[in-house]
Q: 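Structure below; questions to follow.
Side chains included, hydrogens not; waters and symmetry mates left out as well; all remaining heavy atoms used. Just so you know, ligand 1 is whichever comes first in the structure, and atom 1 is the first atom listed for that ligand.
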Amino acid sequence: MTVINEKFVVNTKGHTDIIDITKNVQNSVYRHSLQNASVLVYVAGSTVSITNIEFEPGVLVDLFEALERVIPTGIEYHHDATWHDGNGYAHVRAAIVGNSTSVPLIDGALQLGTWQQIVLVDFDNRPRTRTVHVQIVY
Ligand code: ZN
């Protein structure tokens, strides 16, 4: 078994900023000219997530609004009583959406659907610089 660790940096605006990182992931994987591998895409941080979505304006607003309905900003969170950093909602959103996705590489191609992009979603209440790890195992 061989493990390759790649990473790249993403600057975000925070406030549920949704950024398409598909090209970054493809570049990290395809430069190794592998045929078959497991590819893990992971971001470190407790107010940021990695997920998949069709990167078109309508569904990005739909995701934003759905999160606002389920885990709203502007209400009290116990976390804010602890740290007074005002981002309790961001921690809860990140916990539910998750920190990683996996994509199989088969016959030299990452198995993403035509309308399936990999996105980083930054929930924090300020701009952040995030490091995304791409771990390739074959
Ligand atoms: Zn916090």
Q: Would you check if Leu34 and Leu105 make a side-chain contact, meaning some heavy-atom pair closer than 4.5 Å?
A: yes

Q: At a cut-off of 2.8 Å, what protein N/O/S atoms sit near the Zn ion (ligand 1)?
A: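 Metal shell, protein only: His79 NE2, Asp85 OD2, Asn87 OD1, His91 NE2.
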
Q: Under 3.5 Å, is there a donor on one side chain and an acceptor on the other for Thr16 and Arg93?
A: yes

Q: Is there a donor in the side chain of Gln117 and an acceptor in the side chain of Asp20, or the other way round, less than 3.5 Å apart?
A: no

Q: Any sub-3.5 Å donor-acceptor pair from Thr22's side-chain atoms to Ile118's backbone N or O?
A: yes

Q: For the pair Asp122 and Lys13, find out whether any cationic side-chain nitrogen is under 4.0 Å from an anionic carboxylate oxygen.
A: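 Looking at Asp122 and Lys13, the cut-off is not met.
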
Q: Suppose the criterion is ring pair (Phe, Tyr, Trp, His ring centres under 6.0 Å): which pairs have a residue in residues 85-122, not counting sequence neighbours?
A: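 Listed once each, the pairs are His79-His91.
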
